[in-house]
Amino acid sequence: MSEKLKTTEYLTYLEGFLTENRKAKFLEILQARTNHFTVAIEDVYQMHNTSAVMRSCDVFGLQELHVVEQKYGKKIDSQIAMGAQKWVDVFQYPSNQSCLKALKAKGYQIVATTPHFDSCLLEDFDISKKSALFFGTERDGLSEEVMSQADCFLKIPMVGFTESLNISVAKQPIILQNLTNRLRNSDMCWKLTEEEIFFKRIDWARKSIKDINRIEERYLNKESF
């Protein structure tokens, strides 16, 4: 993106095409967004599950979703995502290792969600650490590659015969609702930075304007004089 499209002047120009309600809604939602927690999904086979996870990230205020596509090609089911693909930043990776490396470089601890091993119960999970929550495939769960590099393991308390929950139906939303509610009721600095909010306002404004390429070209031509 051109440096001219990273300025306050450009944001003001874009927001001139939005209603006051739209601009206010963006600010309201961004104040509730976080990168303190993020979600990573590993080779989810059913496309609608990937879309449902994206929708959950949007609903619970997680700004980023990381998708490993080591085995199965993905595309977002727009009907199931219900527009969430416009508001959640999706990062795609060709392998588990590349995803793990990127998340660790951003300072995330790797949290494997699994009913096995010496897992921490959801209610006891330490929310103070910046965490990437890994969810595995519907059929096989998380791979050994992710499990062996996890910093900790997390599970939902269950009292019935069923040992696991489908990723899009229950497991992932339950975890996100619990952790984000606790996060927002804490005194920690969990919100996006002012810089992150600024660039998301530009991004969301661009995604809200029809014929944005023409609008953008007109702005750049105006700035060149």
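The model shown is predicted, which means the values in this text are computed figures rather than measured ones.
Side-chain contact between Y13 and I215 is present, with heavy atoms from C-beta onward closer than 4.5 Å. A 4.5 Å side-chain heavy-atom check between L179 and L133 finds at least one atom pair inside the cut-off. At a threshold of 4.5 Å between non-hydrogen side-chain atoms, the residues M54 and V67 do not count as touching. Counting heavy atoms from C-beta on, the side chains of R206 and L5 never come closer than 4.5 Å. Between L220 and K4 the shortest side-chain heavy-atom distance falls below 4.5 Å.
Residues forming a side-chain contact (heavy atoms from CB on, under 4.5 Å) with F198 (at least two apart in sequence, or on another chain): T8, L11, I202. Judged as a side-chain contact (heavy atoms from CB on, under 4.5 Å), and not counting sequence neighbours, the contacts of D211 are R214. When the side-chain contact (heavy atoms from CB on, under 4.5 Å) test is applied to Q177, the partners found at least two apart in sequence or on another chain are F60, N181. Under the salt bridge (Lys or Arg N to Asp or Glu O under 4.0 Å) criterion, K207 pairs with D203, sequence neighbours left out. By the side chain to side chain donor-acceptor pair (under 3.5 Å) test, E217 pairs with no residue at all, sequence neighbours left out. Contacts of T34 classified as side chain to side chain donor-acceptor pair (under 3.5 Å), with partners at least two apart in sequence or in another chain: none. With sequence neighbours left out, the ring-ring contact (aromatic ring centres under 6.0 Å, His included) criterion links H36 to no other residue. Shown here are the side-chain contact (heavy atoms from CB on, under 4.5 Å) partners of T7, two or more places apart in sequence or in another chain: E9, Y10, Y219. Qualifying side chain to side chain donor-acceptor pair (under 3.5 Å) partners for E15, counting only residues two or more places apart in sequence or in other chains: R201.
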Please output the side-chain donor-acceptor pairs of residues 20-27 that fall under 3.5 Å, not counting sequence neighbours, one pair per line with the distance.
from, atom 1, to, atom 2, distance (Å)
E20, OE2, K23, NZ, 2.9
R22, NH2, S208, OG, 3.2

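Remark: of the listed residues Y93, F37, F134, Y93 is the sole one forming a ring-ring contact (aromatic ring centres under 6.0 Å, His included) with H66.
Between the CH2 atom of W204 and the CG atom of L30 there is a distance of 4.0 Å, given to the nearest 0.5 Å. To the nearest 0.5 angstrom, Q172 atom CD is 8.0 Å from I41 atom CD1. Rounding to the nearest 0.5 Å gives a distance of 8.5 Å between CG of L121 and CG of L154. Rounding to the nearest 0.5 Å places OG of S148 at 11.0 Å from CD1 of I110. Distance check, rounded to the nearest 0.5 Å: CG of L183 to OG of S186 gives 5.0 Å.
The two atoms that bring L176 and V39 nearest to each other are CD2-CG2, 3.8 Å, heavy atoms only. Here the shortest heavy-atom pairing between L103 and A132 reads CD1-CB, 3.8 Å. Contact detail for F17 and R218: the closest heavy-atom pair is CZ-NH2, 3.5 Å. Closest approach of M147 and A112 over heavy atoms only: SD-CB, 3.9 Å.
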Audit row: I197, K200, side chain to side chain contact (heavy atoms under 4.5 Å, CB included) steps and yes/no: CA-CA 5 Å; I197 289 174; K200 289 320 299 177; 5.8 Å; no
Full working for side chain to side chain contact (heavy atoms under 4.5 Å, CB included) between V111 and F125: CA-CA 10 Å; V111 181; F125 184 76; 3.9 Å; yes
Derivation and outcome, side chain to side chain contact (heavy atoms under 4.5 Å, CB included), residues I175 and L122: CA-CA 7 Å; I175 290 176; L122 181 58; 4.2 Å; yes
Pair V53-F135, side chain to side chain contact (heavy atoms under 4.5 Å, CB included): steps then yes or no: CA-CA 10 Å; V53 171; F135 296 87; 5.9 Å; no
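Contacts classified as salt bridge (Lys or Arg N to Asp or Glu O under 4.0 Å) and involving residues 172-197 (residues at least two apart or in different chains) are not found. Applying the salt bridge (Lys or Arg N to Asp or Glu O under 4.0 Å) rule to pairs touching residues 100-109 yields E64-K106, sequence neighbours excluded.
There is no side-chain donor-acceptor pair under 3.5 Å between Q63 and N35.
Remark: the backbone N or O of K129 is paired with a side-chain donor or acceptor of S131 at under 3.5 angstrom. At least one donor-acceptor pair under 3.5 Å links the side chain of E42 to the backbone N or O of S143.
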